[in-house]
Q: 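Next up is a structure, given as structure tokens.
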Amino acid sequence: MTETDDGTTAPTPEEIGANYDRFTDLYGLITGDIGLHVGMWSEPGERAPASGLGDLANLAQERQTEHHIKTLGLKAGEHLLDIGCGTGVPAVRVAQRTGGRVTGINVSREHLARAEAAARAEGVSDRVSFRYGNAMDLDFPDGSFDAALSIEVFPHLSDRPRAFREAARVLRPGGHFLMSDFTVRGTPSPEGLAAYRQVWRCMPPTTPAETIGWAADAGFELAGVEDMTQNSAFTGDLMGLLYADRHDEVVERFGPEQVAGFDALVPLMRTFFHDHLGSYLFLFRKPAAA
């Protein structure tokens, strides 16, 4: 070490070089090995820059929503059905970005309450509404919507072919349906598959061919497909890191007995997501009337 004019000690060039000689692989493991630099997790001036893993997860979900909006191509004044709308932010973003109307359905009362609050907070309640609804038994007349969206909802459903038929029924001729489905890669362990199903309350993952087949049987044409698997793999790692980072908060919220069960499941689920869970985004089209 050397001493600067203000009395601060500083590493010598030789010490810096020796440090990198010894620890380059460590830095690559914990920061990434492209340049051994801090990554640009958000664009300069972005509305909500990432300052932690939770912020990073939210930014990734915002980017996902923007990609869905671009892919679906809803126009101003058109009406979208959001099947399994979650806590409502994607529906709000669709309305804000496109000028369209959105009706969201969900089987979670808690999600619906949060979705309604999100629409009110963003001032779009006149164009965005939410109601309780089952994807396998939609309570809407035939041809009610110009487009439909369903992101990571079909993996939960016990009868995916029926849900496709319902989506086709409520779309107008020529309308598009953008949906995602989880798929299986390789041969997961029974314990990993069971952990995934228990934590997410899902059916076993399917294959892209099965999903396309169910859609075709419901009368849909395939307009596009994207392999999004790299995102699900990273999400598994991020979930594991966030769970460990926020473990005390999780215990306080859900209690030690419940969390003890999660503690056993989360590592299995993280491995399942990283090694065996695929994710595909499908754009289907209901044929125009003859």
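Scope of the values below: all heavy atoms of this structure, side chains included, with no hydrogens, waters or symmetry mates.
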Q: Looking at residues at least two apart in the chain, or sitting in another chain, which of them share a side-chain contact (heavy atoms from CB on, under 4.5 Å) with Asp275?
A: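 Once residues adjacent in sequence are excluded, the partners of Asp275 under the side-chain contact (heavy atoms from CB on, under 4.5 Å) criterion are Thr271.
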Q: With a 3.5 Å distance limit and no angle check, can you tell me whether His176 reaches the backbone of Phe284 through a side-chain donor-acceptor pair?
A: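 Judged by distance alone, no pair lies under 3.5 Å.
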Q: Which salt bridge (Lys or Arg N to Asp or Glu O under 4.0 Å) pairs, counting each pair once, include a residue from residues 215-239, with sequence neighbours left out?
A: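 Applying salt bridge (Lys or Arg N to Asp or Glu O under 4.0 Å) to every pair that reaches into residues 215-239, excluding sequence neighbours, yields Glu221-Arg285, Asp237-Arg270.
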Q: More than 12 foreign heavy atoms under 6.0 Å from CD of Gln230: is that the case here?
A: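 Counting neighbours around CD of Gln230, more than 12 heavy atoms of other residues, nucleotides or ligands fall under 6.0 Å, so yes.
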Q: Are Phe282 and Phe220 close enough that their ring centres sit under 6.0 Å apart?
A: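 No.
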Q: The test is side-chain contact (heavy atoms from CB on, under 4.5 Å); show your working for Val251 and His247 and say whether it passes.
A: CA-CA 6 Å; Val251 172; His247 193 265; 3.6 Å; yes
Q: Who pairs with Pro173 by side-chain contact (heavy atoms from CB on, under 4.5 Å), at least two apart in sequence or on another chain?
A: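 Here the qualifying residues are Ala289.
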Q: Look at the side chain of Lys286 and the backbone N and O of Gly175, then say whether any donor-acceptor pair between them is shorter than 3.5 Å.
A: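 Checking the backbone N and O of Gly175 against the side chain of Lys286, no donor-acceptor pair under 3.5 Å is found.
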Q: Walk me through whether Gln64 and Glu152 qualify under side-chain contact (heavy atoms from CB on, under 4.5 Å).
A: CA-CA 12 Å; Gln64 181 198 57; Glu152 295 171 12; 3.6 Å; yes
Q: Minimum heavy-atom separation for Pro208 and Tyr280, please, with both atom names.
A: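 Here Pro208 and Tyr280 meet closest at CG-CE1, 3.6 Å.
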Q: Looking at every non-hydrogen atom in both residues, tell me the closest pair between Val170 and Phe140 and how far apart they are.
A: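 Val170 and Phe140 have their closest heavy atoms at CG1-O, 3.9 Å.
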Q: Check for a donor-acceptor pair, side chain of Ser150 on one end and backbone N or O of Ile83 on the other, with a separation under 3.5 Å.
A: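 At least one qualifying donor-acceptor pair exists.
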Q: Determine all donor-acceptor pairs shorter than 3.5 Å in which one atom belongs to a side chain in residues 190-206; sequence neighbours excluded.
A:
| from | atom 1 | to | atom 2 | distance (Å) |
| --- | --- | --- | --- | --- |
| Arg197 | NE | Cys202 | O | 2.9 |
| Arg201 | NH1 | Gln198 | O | 2.1 |
| Thr206 | OG1 | Glu210 | OE1 | 2.5 |

Q: Report the relative orientation of the aromatic rings in Phe262 and Tyr243; use parallel for angles under 30°, tilted for 30 to 60°, perpendicular for over 60°.
A: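 Perpendicular: the ring planes of Phe262 and Tyr243 meet at over 60°.
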Q: Before accepting this row, confirm whether a basic side-chain N of the pair Arg162/Glu166 lies closer than 4.0 Å to the acidic partner's carboxylate O.
A: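 No salt bridge links Arg162 with Glu166.
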Q: Run the side-chain contact (heavy atoms from CB on, under 4.5 Å) test against Thr235 and tell me which residues pass, sequence neighbours left out.
A: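 Testing Thr235 for side-chain contact (heavy atoms from CB on, under 4.5 Å), a comparison that skips the adjacent residues, returns Met239.
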Q: Closest approach of Pro188 and Val184, non-hydrogen atoms and distance?
A: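 Taking every non-hydrogen atom into account, CD-CG2, 3.8 Å.
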Q: Is the CZ atom of Arg169 crowded by more than 12 outside heavy atoms at less than 6.0 Å?
A: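 Buried by this count: over 12 neighbours within 6.0 Å.
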Q: Which residues, ordered by chain and number, are linked to Leu283 in its hydrophobic cluster, where ILVMFWY side chains connect at heavy-atom gaps below 4.5 Å, directly or through other members?
A: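 Members other than Leu283 - counting any ILVMFWY side chain reachable under 4.5 Å - are Ile69, Leu72, Leu74, Leu80, Val92, Val94, Val102, Val107, Leu112, Val124, Val128, Phe130, Tyr132, Leu149, Ile151, Leu178, Met228, Leu281.
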